[in-house]
Protein chains: 2
Amino acid sequence: MAHRLPDLEALELLVAVAETGSLGQAAARQGISQPSASARMSTLERRLGVRLLVRSPSGSRLTSAGLVVTDWARAVLQQAYALVEGAAALRARQHGRLRVTASLTVAEHLMPGWLVRLREVDPGVHLELNVANSTLVIERLRAGEADLGFIEGRGAPRDLHSRAVARDRLVVVVSPDHAWARKRRPLRPVELATTPLLLREAGSGTRETLEAALTPYGGVAEPVLELGATAPLRLAATSGTAPAVLSALAAADEIAAGRLVEVPSELPLDRVLRAVWPRGRELPDAALHLLRVARGSL
Amino acid sequence: MAHRLPDLEALELLVAVAETGSLGQAAARQGISQPSASARMSTLERRLGVRLLVRSPSGSRLTSAGLVVTDWARAVLQQAYALVEGAAALRARQHGRLRVTASLTVAEHLMPGWLVRLREVDPGVHLELNVANSTLVIERLRAGEADLGFIEGRGAPRDLHSRAVARDRLVVVVSPDHAWARKRRPLRPVELATTPLLLREAGSGTRETLEAALTPYGGVAEPVLELGATAPLRLAATSGTAPAVLSALAAADEIAAGRLVEVPSELPLDRVLRAVWPRGRELPDAALHLLRVARGSL
DNA sequence: GGTGAGCCATAGGCGAACCCTATGACCTCC
DNA sequence: GGAGGTCATAGGGTTCGCCTATGGCTCACC
């Protein structure tokens, strides 16, 4: 068992074989020779320990196992393409035509998908992505350092255009072992306000939304732990003893996987994610495309 | 630009660096030497064209771009792990202790996640996964060729235990260019019954559910195209001129990506995914664990 | 029934990529 | 000032993957 993880290029090849019905054609599509493709598929089958193809002199068809694996491969590749597109946008090397600044939540969870879609709509686009918190996004727009921004939480300032592009909500999550995981009645706001939580650091959009919502109930209690990013927060929540409050987008995977449980809550913690841009300036075409793609998920 | 796609092991290393704060420790966790890790990260940065780490004699921290890329990497890896677990289950080499047979929808969209979770709950489990349509699943259970099955659609036969583990619904989807994409009023059942559609083949769970629901309205019209798997159906729908009916689970990614649009419909097309197993026989522990994991997503 | 086109696998040779060990430079803390 | 931690570079060896060339096989079409 030399390598545990498969090769993304091999998965791409598998999908190509599934769609073309032939190793040779798939090889051509991938820009490699037919024997290489043959070998690659063999090693993939060997590594996974599963027979994926039925080879015949008239072509290659997927086995039933191959059919399923191909679908899983598509899911892996979709994420990988999103990563590659995202990285390309982060690469500031050649200053892109369209300069976008996004808050962390948007950049992490939505932007990669938008970029993949944008590439399909408008393949020639060059986009430069910057990640900043909501306050900084607005500053950059005012300073003319960005053409388009994405923020979360509160409304946009008067001097900027804004348009809702997606919704998010904050959820209270606990590890499946936690007592609240078996809670049936929705959490009352006071309970949330008086319980020490795992939270993002003060100043983050998530934290601000929660504090605003809990102000009528005495504000948030002293946190058990403050973390500067979503990932460690999520990790702390999975293994931790305290509840965490974080974006539904960030928690979705862990909830689906059963590592976190959402605790129903009476407190409405919805928030709108908005595109913002300077008044008076005309949005370039690429920005309009991106806006349309982003609003597609609304 | 030699390779377009990054190396999964490099992504895994990146996550390890993010969590340990040091290239050396990350290398140890991955079972490679520190210089190899250093080189791997350098090539990853070069390939993506993004600076991910700030190296210092006291450790390595992520840049802001690195933070985001790491999160994207986690998403890629999650899918990859699911694929690997799934492949391990499909590998029939040593007959597993727990023999599971699942319908295509369950196998494609839910099983990999369950397996990853199951591995965490019960690392020693050996599971053998078979994919079959709902009818065959039941046959295999009766013949004693499987310990546990998962089916979709109609209720289970009397001679089998059954338990709902998840919900799914069929959705009507069209490409964004299709006229129905701008439809505001929900589709009336008669419209659906009289429109030629893209459908799965007769006998599949999806098709049966739809036919049952449309029987009061005259049954389904002659399909434009019948396809034997979900992937080509999805593909046909994205580029096609006709609406398709498929599982919400299968369409979710494409809808999120904006390649497909869900058409609201009056017809309730919900269906329950059920675990089924023979009456009278006792379920092994591993099966109970899997059941609990599966019900977690309910 | 034969012929050609398309498919796949094997063989051989080459090149690049990767990994490991060893070493050195640097910072931090004691 | 030394010890323990960090990371980078250099050198050597091996493995892996690719490509070209070739052969066997099936199918379709004449």
Side-chain angles (χ1 to χ4, degrees), chain A residues 1-63 65-67 69-70 73 80, chain B residues 1-63 65-67 69-70 73 80:
Chain A
M1 185 90 40
H3 301 281
R4 276 172 41 250
L5 290 168
D7 190 353
L8 286 180
E9 328 238 335
L11 297 184
E12 213 172 28
L13 180 64
L14 173 63
V15 172
V17 172
E19 286 174 6
T20 60
S22 142
L23 268 175
Q25 288 179 41
R29 187 203 277 195
Q30 298 294 101
I32 62 177
S33 74
Q34 173 267 318
S36 295
S38 178
R40 271 237 263 251
M41 289 304 305
S42 294
T43 66
L44 179 62
E45 287 180 317
R46 185 165 36 79
R47 282 228 246 272
L48 294 180
V50 178
R51 205 165 167 63
L52 302 172
L53 297 181
V54 182
R55 298 146 174 88
S56 87
S58 62
S60 295
R61 298 219 69 73
L62 293 173
T63 62
L67 198 78
V69 173
T70 304
Chain B
M1 183 92 38
H3 301 282
R4 275 174 39 251
L5 290 167
D7 189 354
L8 286 180
E9 328 238 334
L11 297 184
E12 212 172 28
L13 180 64
L14 173 63
V15 172
V17 172
E19 286 173 6
T20 61
S22 142
L23 270 173
Q25 288 179 43
R29 188 205 275 196
Q30 299 293 99
I32 62 176
S33 74
Q34 173 267 317
S36 296
S38 178
R40 271 236 263 253
M41 288 304 304
S42 294
T43 65
L44 180 62
E45 287 180 318
R46 185 164 36 78
R47 281 227 246 277
L48 294 180
V50 179
R51 203 164 168 63
L52 302 171
L53 298 180
V54 183
R55 297 146 173 90
S56 87
S58 62
S60 294
R61 299 218 69 74
L62 293 173
T63 62
L67 198 79
V69 172
T70 304

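Just so it is clear, the structure is predicted and the values come from calculations on it, not from any experiment. Protein chains get the first letters and strands the later ones, always in sequence-line order, with residue 1 at the start of each.
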Residues Ile32(A), Arg40(A); criterion side chain to side chain contact (heavy atoms under 4.5 Å, CB included); working and verdict: CA-CA 10 Å; Ile32(A) 62 177; Arg40(A) 271 237 263 251; 3.8 Å; yes

Rounded to whole Å, the CG-C1' distance (Leu44(A) to dC16(D)) equals 16 Å

Item to complete: Give a yes/no answer on whether the side chain of Arg55(A) brings an N or O atom under 4.0 Å of OP1 or OP2 in dA9(C).
Response: yes

query: Sub-3.5 Å donor-acceptor pair from the side chain of Thr63(B) to the main-chain atoms of Arg51(B), do we have one?
result: yes

Would you tabulate the nitrogen or oxygen pairs shorter than 3.5 Å linking the protein to nucleotides 18-21 of chain C?
residue	atom	partner	partner atom	Å
dC19(C)	OP1	Arg40(B)	NH1	2.3
dC20(C)	OP2	Ser33(B)	N	3.0
dC20(C)	OP2	Ser33(B)	OG	2.9
dC20(C)	OP2	Ser36(B)	OG	2.5

Scanning both residues in full, the closest heavy-atom pair of Leu13(B) with Ala27(B) reads CD1-N, 4.2 Å

Closest of dC7(D), dC8(C), dC7(C) to the Ser60(B) side chain is dC7(D)

Which of Leu44(B), Thr70(B), Leu67(B) passes side chain to side chain contact (heavy atoms under 4.5 Å, CB included) with Leu52(B)? Answer is Leu44(B)

Side-chain donor/acceptor of Ser38(B) to backbone N/O of Gln34(B), under 3.5 Å: no

All heavy atoms of Leu8(A) vs all of Pro6(B), minimum pair found to be CD1-O, 3.3 Å

From CG of Leu23(B) across to P of dC26(C) the rounded distance in Å is 19 Å

To the nearest angstrom, the CD-P distance between Gln30(A) and dG17(D) comes to 16 Å

Please enumerate all protein N or O atoms sitting under 3.5 Å from an N or O of nucleotides 28-30 of chain C, with distances to 0.1 Å.
none

Does the side chain of Gln25(B) get closer than 4.0 angstrom to OP1 or OP2 of dT6(D) through an N or O atom?
yes

In whole angstroms, the gap separating P of dG17(D) from CG of Leu5(B) amounts to 16 Å

Exercise. Would you say dC7(D) has OP1 or OP2 under 4.0 Å from some side-chain N or O of Ser22(B)?
Worked result: yes

In whole angstroms, the gap separating P of dA9(C) from CE of Met41(A) amounts to 10 Å

For residues Arg4(A) and Arg47(A), determine if any side-chain heavy atom of one lies less than 4.5 Å from a side-chain heavy atom of the other.
-> no

Q | Pair Glu9(B), Gln30(B): side-chain N/O donor-acceptor within cut-off below 3.5 Å | A | no

* **Any donor-acceptor N or O pair under 3.5 Å, side chains Ser22(A), Thr20(A)** => no

Original post:
How is Ser56(B) classified with respect to the nucleic acid when contacts are heavy atoms under 4.0 Å: base, sugar-phosphate, or nothing?
Top reply: sugar-phosphate

